Enquirer: 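First the structure, then my questions, so here it is.
In each ligand, atom 1 is the first atom listed, and ligand 1 is the first ligand listed. This structure is a prediction, so every number in the text was calculated from the model and none was measured. Side-chain atoms are counted along with the backbone in the values below, which use heavy atoms only and exclude waters and symmetry mates.
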Amino acid sequence: MAEQRTIILDCDPGHDDAVAIMLALGNPGIELLGLTTVGGNQTLEKVTRNAQSVLVMCGRDDVPVHPGASRPLLRPVEVAEGIHGDSGLDGVELPEPTRPVASPHGVQFIVDTVMGAEPGAITLVATGPLTNLALAARLEPRIVERVREVVVMGGGYHEGNWTAVAEFNIWVDPEAASIVFDEEWPLTMVGLDLTHQALATEEVERQVAEIGSDLGEFFIGLMAFFRQAYRENQGFDDPPVHDPCTVAYLIDPAVVATRKAPLVVELHGEHTKGMTVADFRAPAPDDCRHQVATELDRDAFWRMVVESIRVLSVADERR
Ligand code: PIR
Ligand code: CA
């Protein structure tokens, strides 16, 4: 286990974002300061509400939700309705938010939090399009040297899911992704090469069912919808639960093997727009700031996720 990591989770819930929130809240290795939301899987309005509902389900509505950017820097809004449904979190009943959203704007919250903490204290985790992180780096460039690390679910060095070579989060706002990848902070790309190993099997669902809690049922409802969507749209038997892989990497880096490689985002290719290009030609230079996630310890990963749901369920019973 690594030391505790203090994070802001920038997300667009989203079935797998919801699981990332559960893991961040249920594992003692993570201190979650707040959620910022970004238009992606669904509109900003919907994903923000979803984030609030997930916090209510986790018994943690004390965590602030700061809405961020509603649209990409340059391109039109594109949502993943075919995968996440009309609400962005179809398959479960979503409890009403118990608290209003927080101010300031998500981008300002990122800036204020990073500037208000010790240098190297805050890690930024992004599980949606990178619009908020790009805007934060432009609003206050000094955050870049103060952030400990940026961990992104997005891209892939061999795989795409929205086009043959582009992953959704990068595809939606490639210019923002390019800004975030080009800044001088250390960046770990947890791309599809890694997250396609994180399949929610029926065995995983059985373990969650055994917990016998409302949150467990919520997870199972989410995964049932996600599985069906992935069967119909992507030819998978079990759905890959992308986003919590970022959090798992921070909890215990041994669970996610990485390799250093310089990364850039393709902005202009006729067929390759939104592709993340990794340079594996030679051993990466020592000062390489980029690394890609390569291999997941699946058993350890799912143990963590199931345990976090158990921890949150027990805390809920006590309330
Ligand atoms: C988008 C997603 C998941 C699957 C598809 N097909 C499209 C969302 C997830 O929330 C994750 O963050 C990322 N975007 C995976 O592409
Ligand atoms: Ca997401």
Enquirer: Do Thr201 side-chain atoms and Val204 backbone N/O form a donor-acceptor pair below 3.5 Å?
Expert: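 Yes; judged by distance alone, with no hydrogens or angles, the pair exists.
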Enquirer: Under 3.5 Å, side chain of Asp238 to main-chain N/O of Arg227, donor-acceptor pair present?
Expert: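 No: the side chain of Asp238 does not pair with the backbone of Arg227.
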Enquirer: Does Thr127 approach ligand 1 within less than 4.0 angstrom via side chain, backbone, both or neither, non-hydrogen atoms only?
Expert: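 The answer is the backbone of Thr127.
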Enquirer: Just need the protein heavy atom nearest to atom 4 (C) of ligand 1, so name the residue and atom and give the distance.
Expert: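 I find the closest protein heavy atom is Tyr230 OH, 3.1 Å.
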Enquirer: Determine whether a donor-acceptor pair (N or O, by modelled atom type, separation under 3.5 Å) exists between the side chain of Glu266 and the backbone of Ala166.
Expert: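 No, because the side chain of Glu266 does not come within donor-acceptor range (under 3.5 Å) of the backbone of Ala166.
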Enquirer: Before signing off on this row, confirm whether Trp162 and ligand 1 have an N or O atom pair separated by under 3.5 Å.
Expert: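 N/O-N/O distance below 3.5 Å does not exist for this pair.
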Enquirer: Do His105 and His66 make the cut of ring centroids closer than 6.0 angstrom?
Expert: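 So the answer is no for these two rings.
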Enquirer: Evaluate the criterion side chain to side chain contact (heavy atoms under 4.5 Å, CB included) for residue pair Val151 and Leu250; output intermediate values, then yes/no.
Expert: CA-CA 9 Å; Val151 184; Leu250 291 171; 3.9 Å; yes
Enquirer: Using the ring of each side chain (for Trp, its six-membered ring), is His242 parallel, tilted or perpendicular to His196, with breaks at 30° and 60°?
Expert: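 If you compare the ring of His242 with that of His196, the planes turn out tilted.
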Enquirer: Heavy-atom pairs closer than 4.0 Å: do any link ligand 1 to the side chain of Asp17, the backbone, both, or neither?
Expert: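 The side chain, only.
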Enquirer: Would you mind running through ligand 1 and noting each atom that sits below 4.0 Å from a heavy atom of Met153?
Expert: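 So the answer, numbered in order with elements, is 11 (C), 12 (O), 13 (C), 15 (C).
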Enquirer: Of the listed options (Asn41, Ile83, Thr195), which comes nearest to atom 5 (C) of ligand 1 when hydrogens are ignored and any heavy atom counts?
Expert: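 It is Ile83 whose heavy atom sits nearest to atom 5 (C) of ligand 1.
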Enquirer: Give me the nearest non-hydrogen protein atom to atom 12 (O) of ligand 1 as residue plus atom name, then the distance to 0.1 Å.
Expert: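 The closest one turns out to be Asp243 OD1, 2.6 Å.
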Enquirer: Test Thr188 against every option in Lys260, Arg289, Gln291, His290 by the side-chain hydrogen bond (donor to acceptor under 3.5 Å, both in side chains) rule and name the one that passes.
Expert: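 Of the listed residues Lys260, Arg289, Gln291, His290, the side-chain hydrogen bond (donor to acceptor under 3.5 Å, both in side chains) partner of Thr188 is Gln291.
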Enquirer: Which residue from Glu167, His15, His242 reaches closest to atom 13 (C) of ligand 1 through any of its heavy atoms?
Expert: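 Nearest heavy atom to atom 13 (C) of ligand 1 lies in Glu167.
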Enquirer: Short of 3.0 Å from the Ca ion (ligand 2), name each protein N/O/S atom, waters not counted.
Expert: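 Under 3.0 Å from the Ca ion (ligand 2) - ignoring waters, which are not counted - the protein N, O or S atoms are Asp12 OD1, Asp17 OD1, Asp17 OD2, Thr127 O, Asp243 OD2.
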Enquirer: Looking only at non-hydrogen atoms, find the nearest pair between Cys58 and Leu25 and report the distance.
Expert: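 Looks like CB-CD1, 3.8 Å.
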Enquirer: Do Thr131 and Asp173 have side-chain N/O donor and acceptor atoms under 3.5 Å apart?
Expert: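 Yes, a side-chain donor-acceptor pair sits under 3.5 Å.
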Enquirer: Return the residue, atom name and 0.1 Å-rounded distance of the protein heavy atom closest to atom 14 (N) of ligand 1.
Expert: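 Here the nearest protein heavy atom works out to Asn169 OD1, 3.0 Å.
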Enquirer: Give a yes or no answer on whether the side chain of Asn27 reaches the backbone of Leu23 with a donor-acceptor pair at less than 3.5 Å.
Expert: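 No, the answer is negative, given that no donor and acceptor are paired below the 3.5 Å cut-off.
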Enquirer: Counting non-hydrogen protein atoms only, what is the nearest one to atom 10 (O) of ligand 1? Give residue, atom name and distance.
Expert: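 That would be Asp16 OD1, 2.6 Å.
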Enquirer: Any donor and acceptor pair, going by atom type alone, linking the side chain of Asn41 with main-chain N or O of Asp12 inside 3.5 Å?
Expert: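 It does hold such a pair.
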Enquirer: For ligand 1, which atoms have a heavy atom of Phe168 less than 4.0 angstrom away?
Expert: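 So the answer, numbered in order with elements, is 1 (C), 7 (C), 14 (N), 16 (O).
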Enquirer: Give the residue and atom name of whichever protein heavy atom lies nearest to atom 2 (C) of ligand 1, and the separation in Å to one decimal.
Expert: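 Of every protein heavy atom, His84 NE2, 3.4 Å lies nearest to atom 2 (C) of ligand 1.
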Enquirer: Using 30° and 60° as the class boundaries, would you call the ring planes of Tyr157 and Phe280 parallel, tilted or perpendicular?
Expert: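 Rings of Tyr157 and Phe280: perpendicular, as their planes differ by over 60°.
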